[in-house]
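Throughout, protein chains are lettered first and strands after them, A, B, ... in sequence-line order, and every chain is numbered starting at 1.
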Protein chains: 2
Amino acid sequence: MATTTAAQKRVRAKVEYDAFLAGCPSRQLLDRISDKWVALVLAALGDDACAPGHAAPGVLRYSELSRRLAGVSQKMLTQTLRSLERDGLVTRTVTPTVPVTVTYELTDLGRSLRELLRGVKDWAEAHMDEVLDHRREYDARTS
Amino acid sequence: MATTTAAQKRVRAKVEYDAFLAGCPSRQLLDRISDKWVALVLAALGDDACAPGHAAPGVLRYSELSRRLAGVSQKMLTQTLRSLERDGLVTRTVTPTVPVTVTYELTDLGRSLRELLRGVKDWAEAHMDEVLDHRREYDARTS
DNA sequence: CAGGATCCCGCTAGATACTG
DNA sequence: CAGTATCTAGCGGGATCCTG
């Protein structure tokens with residue numbers, strides 16, 4: 001089945017995405033997920049030790065998230081969560097209590113991205129001192 | 001040495017960075033590296049098969065980068081490269097030819113971040129279809 | 001070739017007020 | 001509690017022109 005293989009390859013090449021290309025949807029998706037709040041929201045949702053003494057791990061309420069992500073505005077948090085929900089990275093569950101309870105949880109897709117972004121967040125925290133040193137040196141050299 | 005361990009832990013806790021905190025420098029660093037252009041520049045600089053038939057792999061000229069990152073403006077490319085240089089992620093080398101030749105190369109620090117960000121870029125390309133499906137479903141459900 | 005300098009528009013993030 | 005709605009200031013980012 002050499003011919004089918006070659007044909008399949010051609011078809012494959014057509015539907016493959018390349019973020020280096022300006023018009024490619026993956027470029028826009030890369031832009032979406034390359035976001036401070038996305039990284040922090042996903043990190044918080046996967047953090048089991050986040051909201052101790054309550055229901056299931058990895059399930060957080062809106063208010064818990066906003067407390068965890070210090071300094072986030074309601075607008076940005078809601079916007080980020082909506083975007084993540086639309087892209088299928090988190091699920092939003094509304095429980096009709098009084099007042100209403102809304103919880104967010106990672107999907108499998110979200111979990112896969114979370115692993116990557118947690119690495120980026122950890123990198124930032126781990127190499128902070130190194131970067132700070134480089135900045136000082138650079139600023140001294142160019143001033 | 002239980003006391004020293006406890007003391008060390010306390011000292012450690014002081015100098016550790018936490019991107020969840022608003023004032024933490026690592027939050028700002030996370031914001032910097034959570035950037036479309038950062039991901040693409042680092043990805044391009046590590047790509048050996050990028051500029052075939054020329055000097056060393058992983059060494060790219062300004063014009064080669066701007067060609068690779070389709071749609072990037074000069075301003076954003078220069079701005080991104082400056083920032084990366086300042087943070088010690090890339091080195092900038094000026095060769096006094098006529099006209100001048102400027103090349104960029106990853107540092108070890110930059111290489112370590114590149115591995116992570118390449119994962120993010122690959123994720124975007126790999127899961128594009130899945131995300132697109134979720135968006136269609138979401139838009140249909142909410143319209 | 002590899003930018004620097006400037007102008008300027010858009011839209012995004014933040015603050016504030018209101019609601020089911 | 002978990003948002004929506006509205007307004008606005010600020011700046012991100014593109015276009016354009018210029019230079020060593």
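- Put simply, chain B comes within 4.0 Å of DNA chain C, heavy atom to any atom, from dC1(C) to dG4(C), going 5' to 3'.
- Protein atom CG of L81(B) is 16 Å distant from nucleotide atom C1' of dG13(D), rounded to whole Å.
- Of the candidate nucleotides dG20(D), dC1(D), dG3(D), dC1(D) has the atom lying nearest to any side-chain atom of R61(A).
- For V100(B) and K36(B), each mapped to the nucleotide of DNA chain D holding its nearest heavy atom, the one lying further toward the 5' end belongs to K36(B).
- Within 4.0 Å (heavy atoms only), Q79(B) reaches no atom of the nucleic acid at all.
- Of the candidate nucleotides dG3(D), dC17(D), dA15(D), dC17(D) has the atom lying nearest to any side-chain atom of Q74(B).
- The backbone N or O of Y138(B) sits less than 3.5 Å from a side-chain atom of T142(B), completing a donor-acceptor pair.
- Distance CD (E64(A)) to P (dA2(D)): 8 Å, rounded to an integer number of Å.
- Nearest-nucleotide positions on DNA chain C place R92(B) closer to the 5' end than the other of R92(B) and D35(A).
- If you measure from atom CE of M76(B) to atom C1' of dT16(D), you get 17 Å, rounded to the nearest angstrom.
- By the 4.0 Å N-to-carboxylate-O rule, E137(B) lies too far from R141(B) to be salt-bridged with it.
- Between Y62(A) atom OH and dG3(D) atom P there is a gap of 6 Å when expressed in whole angstrom units.
- Comment: D139(B) engages R86(A) in a salt bridge, judged by a side-chain N to carboxylate O separation of less than 4.0 angstrom.
- Computed from coordinates, the K75(A) NZ to dT4(D) C1' distance equals 11 Å when rounded to whole Å.
- Judged by distance alone, the side chain of E125(A) and the main-chain N or O of A19(B) form a donor-acceptor pair under 3.5 Å.
- Straight-line distance from the CG atom of D31(A) to the P atom of dG12(D): 14 Å, rounded to whole Å.
- In this structure, E115(A) does not pair ionically with R111(A), as no charged nitrogen and carboxylate oxygen lie closer than 4.0 Å.
- Under a cutoff of 6.0 Å and an axis angle of 45°, R68(B) and F20(A) form a cation-pi pair.
- For the pair S73(B) (side chain) and M76(B) (backbone), a donor-acceptor distance under 3.5 Å is present.
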